[in-house]
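Heads up: the structure comes next, in structure tokens.
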Amino acid sequence: MTEQIIGATVDEADLSAQTGERGANAAQIMVGDPQSWRKPVINHPGGAAGLKEAAGSAGIAVVVHAAYVINVASLNNRIRIPSRKLLQQTLTLAGEIGAIGVVVHGGHVRDGEPVEQGQDNWRKAVDGLELPVPLLLENTAGGKHAMARELERIQGTWTAIQAASGAENVGFCLDTCHAFAAGLDMTTVVSDVRAITGRIDLVHVNDSQGPAGSGRDRHANIGKGKISPEELAAVVRDAGAPLVVETPGEAAGQAADIGWLRERLAG
């Protein structure tokens, strides 16, 4: 039986040690400053090749999370064009380290701008990208004009993406905190998302500090937030995908959350 992939958010410069401290067999990393437009770099000893070798030797699957500033849906050229460039640089680097995917937020348009145009910008972005690893669209918690908050919006964005060349290399990352904060039904969210996308490639397993429908993107450790632990465990089991915790507490907090997940999946 294949071991369940359960990862944690770590610093790539110390990837193997930090992943081991958390009891994980996968690692999610940021390649560069998440709030910067600078070209991403690998700070691990030996660069991309060194990180790939270290992860491979330790049996660690690597996920890359793209910078938060990226918004390929934007109608503003000064945001959309640099977003595409930075996303391509991130995908290329992820390919060099042998990552299993790159997670990116859905982005948004501004008040008064047509959502459909933002969704079509997603199509254009995928059309123009080289995808050496899967690109994983992540649902988001808030924003009236977000591309991936409500199910209807996810549907429109996904439909636009499917018209792009290379759409088969685009997957979906379900974030449980974001789904709960967006007001999605946690008892049906897995089947609801699969009805739209046909796939869930990764789950960000996070409890939520804010109540359902609050729009607050504030993660909590599992069992310390507002999401029912039973519903959270059911989402994880139903999704049947690799898992990553993005919860507080660094090593100790994330290790406890990973232990909780392993217990719930053992049966």
Side-chain angles (χ1 to χ4, degrees), residues 1-70 72 83-105 125-126 128-138 166-175 199-205 240-247 250-251 254-255 257-258 261-262:
M1 185 176 181
T2 304
E3 184 181 10
Q4 172 70 46
I5 296 176
I6 304 180
T9 47
V10 305
D11 181 347
E12 97 269 11
D14 193 26
L15 182 139
S16 297
Q18 290 190 13
T19 303
E21 287 172 355
R22 289 156 173 77
N25 58 5
Q28 180 172 282
I29 62 172
M30 306 287 305
V31 285
D33 182 347
Q35 302 292 351
S36 171
W37 294 102
R38 291 194 187 100
K39 184 177 180 179
V41 295
I42 295 293
N43 293 319
H44 191 280
L51 190 152
K52 182 177 183 179
E53 181 179 357
S57 298
I60 297 170
V62 179
V63 177
V64 174
H65 198 303
Y68 304 140
V69 294
I70 291 174
V72 300
S83 291
R84 290 181 184 176
K85 179 180 179 181
L86 181 55
L87 183 55
Q88 182 63 74
Q89 291 170 336
T90 304
L91 285 159
T92 301
L93 196 54
E96 292 175 7
I97 64 176
I100 63 174
V102 170
V103 177
V104 66
H105 291 167
V126 173
L129 289 169
E130 293 181 11
L131 298 169
V133 302
L135 176 63
L136 307 181
L137 171 67
E138 180 181 1
E168 67 277 6
N169 295 317
V170 179
F172 195 84
C173 172
L174 174 63
D175 187 299
R199 58 194 292 173
I200 294 175
D201 300 83
L202 182 72
V203 180
H204 282 167
V205 189
L243 313 171
V244 168
V245 298
E246 301 176 308
T247 48
E250 297 185 346
Q254 292 189 357
D257 291 335
I258 289 170
L261 287 168
R262 292 202 187 281

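By convention here, the first residue in the shown sequence is residue 1. Computed from a predicted structure; not experimentally measured.
When all heavy atoms of Gly23 and Ile258 are compared, the closest pair comes out as O-CG2, 3.6 Å. Arg262 approaches Ala24 most closely through the heavy-atom pair NH2-CA, 4.2 Å.
Scored by the side-chain hydrogen bond (donor to acceptor under 3.5 Å, both in side chains) test, Asp201 finds Arg199 as partners (sequence neighbours excluded). By the side-chain hydrogen bond (donor to acceptor under 3.5 Å, both in side chains) test, Gln89 pairs with no residue at all, sequence neighbours left out. Legend: residues meeting side-chain hydrogen bond (donor to acceptor under 3.5 Å, both in side chains) with Thr9, ordered by chain and number and at least two apart, are Gln254. Under the ring-ring contact (aromatic ring centres under 6.0 Å, His included) criterion, His44 pairs with no residue at all, not counting sequence neighbours. Residues forming a side-chain contact (heavy atoms from CB on, under 4.5 Å) with Ala17 (at least two apart in sequence, or on another chain): Asp14. Partners of Thr90 according to the side-chain hydrogen bond (donor to acceptor under 3.5 Å, both in side chains) rule, which considers only residues two or more places apart in sequence or in another chain, do not exist here. Scored by the side-chain contact (heavy atoms from CB on, under 4.5 Å) test, Glu168 finds no partners at all (sequence neighbours excluded). Considering only residues two or more places apart in sequence or on other chains, Glu21 meets the side-chain contact (heavy atoms from CB on, under 4.5 Å) condition with Gln18, Ala251. Scanning for side-chain contact (heavy atoms from CB on, under 4.5 Å) contacts around Ala55 gives Leu15, Ile60, Val62, with sequence neighbours left out.
Val10 places a side-chain heavy atom less than 4.5 Å from the side chain of Ile29. Within the 4.5 Å cutoff, side-chain heavy atoms of Val104 are placed close to those of Leu135.
Here CG of Leu51 is found 6.5 Å from CD of Glu12. Values are rounded to the nearest 0.5 Å. Note that the CD atom of Gln28 and the NE2 atom of His204 stand 3.5 Å from one another [nearest 0.5 Å]. Here the CG-OG1 distance, from Asp257 to Thr247, works out to 3.5 Å after rounding to the nearest 0.5 Å.
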Distance-only donor-acceptor hits, side chain of residues 91-98, under 3.5 Å, sequence neighbours excluded:
from  : atom 1 : to    : atom 2 : distance (Å)
Thr92 : OG1    : Gln88 : O      : 2.9
Thr92 : OG1    : Gln88 : NE2    : 3.2

Using residues 33-40 as the side-chain source, report each donor-acceptor pair under 3.5 Å to any protein atom, sequence neighbours left out, with the distance given to one decimal.
from  : atom 1 : to    : atom 2 : distance (Å)
Asp33 : OD1    : Gln35 : N      : 2.9
Ser36 : OG     : Arg38 : N      : 2.9

Original post:
When you look at Val133 and Ile100, which way does the side chain to side chain contact (heavy atoms under 4.5 Å, CB included) test go after all the steps?
Top reply: CA-CA 6 Å; Val133 302; Ile100 63 174; over 6 Å; no

**OP:** Apply side chain to side chain contact (heavy atoms under 4.5 Å, CB included) to the pair Asn25 and Thr19, showing each step before the final yes or no.
**Re:** CA-CA 7 Å; Asn25 58 5; Thr19 303; 6.0 Å; no

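No more than 12 heavy-atom neighbours from other residues, nucleotides or ligands sit within 6.0 angstrom of CD on Glu250.
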